[in-house]
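The chains referred to below are lettered A, B, ... by the order of the sequence lines, with proteins before strands, and numbering in each begins at 1.
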2 protein chains.
Amino acid sequence: MARAKAEKPYHHGELREALVAAGRKLLEEKGLRGFTLRECARRAQVSHAAPAHHFASIDDLLAEIATRGYHDLTAAMTAEARRSGGDAAARLVGQGVGYMAFAAANPVLFQLMFSREANHFETPALAAAAKSAYHLHREAVEAVIPQASGDVKERMVDFAWAAVHGFITLVLEGQLGERDSPRALKARGLAALSAMVEAVVRAGGGGR
Amino acid sequence: MARAKAEKPYHHGELREALVAAGRKLLEEKGLRGFTLRECARRAQVSHAAPAHHFASIDDLLAEIATRGYHDLTAAMTAEARRSGGDAAARLVGQGVGYMAFAAANPVLFQLMFSREANHFETPALAAAAKSAYHLHREAVEAVIPQASGDVKERMVDFAWAAVHGFITLVLEGQLGERDSPRALKARGLAALSAMVEAVVRAGGGGR
DNA sequence: TATTTTATCTTGTCAACGACAAGATTGGAG
DNA sequence: CTCCAATCTTGTCGTTGACAAGATAAAATA
């Protein structure tokens with residue numbers, strides 16, 4: 001009850017956060033093409049020009065939203081990996097599950113994060129957040145094949161990420177499993193994940 | 001010299017085609033967010049309202065462009081598969097190469113085709129073109145593992161597509177191999193492809 | 001405490017956009 | 001030759017992102 005919404009606050013006080021929150025919701029509701037600064041301002045109860053004092057342009061707001069998305073993504077991956085116990089392969093699967101779960105819960109944001117446009121408004125914070133998620137994945141893959149050569153490791157990092165990312169991307173776009181139940185879809189995702197891990201293990205010298 | 005551009009043609013004659021061509025170029029130049037109907041009209045040398053007689057809305061034009069993209073994609077996949085000889089596994093790799101080559105040559109269009117927005121302006125022609133590309137892929141995968149069960153086949157179709165699509169998607173967004181030479185990048189793509197095919201063969205019972 | 005500074009938010013404006021309406025031009029059907 | 005229908009034009013509307021200039025209130029200073 002400290003500085004909440006009494007009637008109509010003088011200066012709002014937390015516009016930046018409000019804009020990010022409203023923007024994130026708007027993004028999921030209307031898609032990237034339906035996303036407008038003015039609607040964000042409207043939802044935050046401020047005038048159309050107020051956001052300019054916190055974000056230089058609409059791309060700046062999108063960059064901030066994408067950056068937070070990466071933070072949430074790494075959090076989801078970490079949490080799900082931890083739940084999956086100590087085995088390296090199981091943790092890799094768990095991280096993949098976390099990755100897919102985040103994407104499924106935030107489809108438009110996920111598409112924004114990995115869109116070509118996102119590369120255009122590249123802020124340092126966005127690049128750092130993306131790199132952080134990448135390293136998380138890289139380490140999980142390398143832990144599965146610790147004895148493999150650096151080259152094989154690199155290729156398996158590529159391959160594992162591609163399989164996970166490709167699967168959930170195709171699902172989100174409606175190309176894969178459009179008429180499956182959520183349950184069946186999750187099974188398909190897990191099948192893709194385990195096929196991926198098997199391939200990694202095998203390529204890393206752990207096969208037979 | 002039949003109905004080309006003499007001075008300023010009466011009715012243009014081929015506006016629809018001109019708009020699609022201009023739009024496709026504009027899309028690659030400016031990205032989806034920089035794509036405007038009026039700029040397409042400008043490049044086709046017509047007034048801002050002329051496109052309305054050929055496309056009901058901007059989404060209609062984008063849908064048409066995406067549809068042609070799918071046609072070109074299937075053509076690229078077919079051509080590259082044919083070049084790769086008669087072995088089913090080699091042809092699957094070839095199709096993947098064609099897939100990636102198309103995406104690399106038309107990055108923004110590719111992103112549009114597989115974007116969430118594309119699902120929104122879903123025309124019958126677009127859906128048919130997309131389904132056609134899907135079936136091409138499905139058959140190529142199934143040809144590699146003809147003796148596998150239907151369930152395994154389905155999962156390997158998922159998996160193979162996910163690996164190819166995921167890899168090229170990550171490359172296009174700059175997440176993978178951003179500072180590799182085109183040559184090195186192609187090698188990474190081929191490595192991902194062969195890891196995928198190996199996994200498919202093994203899962204399909206052709207292993208050992 | 002009183003005054004000044006500064007961040008924040010407002011209203012007002014601009015060019016560009018997508019969409020629509022109404023009128024002009026032209027190729028082809030009768 | 002006449003009329004029709006498709007095609008293209010000009011004109012307009014509401015909305016958008018960005019900018020400018022002024023108002024408000026919090027914070028810094030004296």
Q: Applying side-chain contact (heavy atoms from CB on, under 4.5 Å), name anything that partners Arg155(B), two or more places apart in sequence or on another chain.
A: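 Arg155(B) satisfies side-chain contact (heavy atoms from CB on, under 4.5 Å) with Ala191(A), Asp151(B) only.
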
The complete set of ring pair (Phe, Tyr, Trp, His ring centres under 6.0 Å) pairs with one or both residues in residues 62-85 of chain B, sequence neighbours excluded, reads Tyr70(B)-Phe114(B)

Let me know the distance between [atom1] of [X] and [atom2] of [N], rounded to the nearest Å.
X: His54(A); N: dG17(D); atom1: NE2; atom2: C1'; result: 17 Å
X: Leu62(A); N: dA18(D); atom1: CG; atom2: P; result: 10 Å
X: His53(A); N: dG22(D); atom1: NE2; atom2: C1'; result: 11 Å
X: Lys30(A); N: dT16(D); atom1: NZ; atom2: P; result: 10 Å
X: Gln45(B); N: dT9(D); atom1: CD; atom2: P; result: 10 Å

Parallel, tilted or perpendicular: which fits the ring planes of Phe159(A) and Phe159(B), with parallel below 30° and perpendicular above 60°?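 Plane angle over 60°, so perpendicular.
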
**Report entry** Plane angle bin for Tyr99(B) and His165(B) - parallel if under 30°, tilted between 30 and 60°, otherwise perpendicular
**Finding:**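 Perpendicular.
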
Answer yes when Glu39(A) and Lys30(A) have at least one side-chain N-carboxylate O distance shorter than 4.0 Å, and no when they do not. no

Taking only Lys NZ, Arg NE, NH1 and NH2, and the carboxylate oxygens of Asp or Glu, determine whether Arg91(A) and Glu139(A) approach each other closer than 4.0 Å.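 No salt bridge links Arg91(A) with Glu139(A).
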
Using the 3.5 Å cut-off, write out each protein N or O paired with an N or O of nucleotides 14-19 of chain C and the distance between them.
| residue | atom | partner | partner atom | Å |
| --- | --- | --- | --- | --- |
| dC17(C) | OP2 | Arg42(B) | NH2 | 2.6 |
| dG18(C) | OP1 | Leu37(B) | N | 2.7 |
| dG18(C) | OP2 | Leu37(B) | N | 3.3 |
| dG18(C) | OP2 | Arg38(B) | N | 3.1 |
| dG18(C) | N7 | Arg38(B) | NH1 | 2.4 |
| dG18(C) | O6 | Arg38(B) | NH1 | 3.3 |
| dA19(C) | OP2 | Ile58(B) | N | 3.1 |

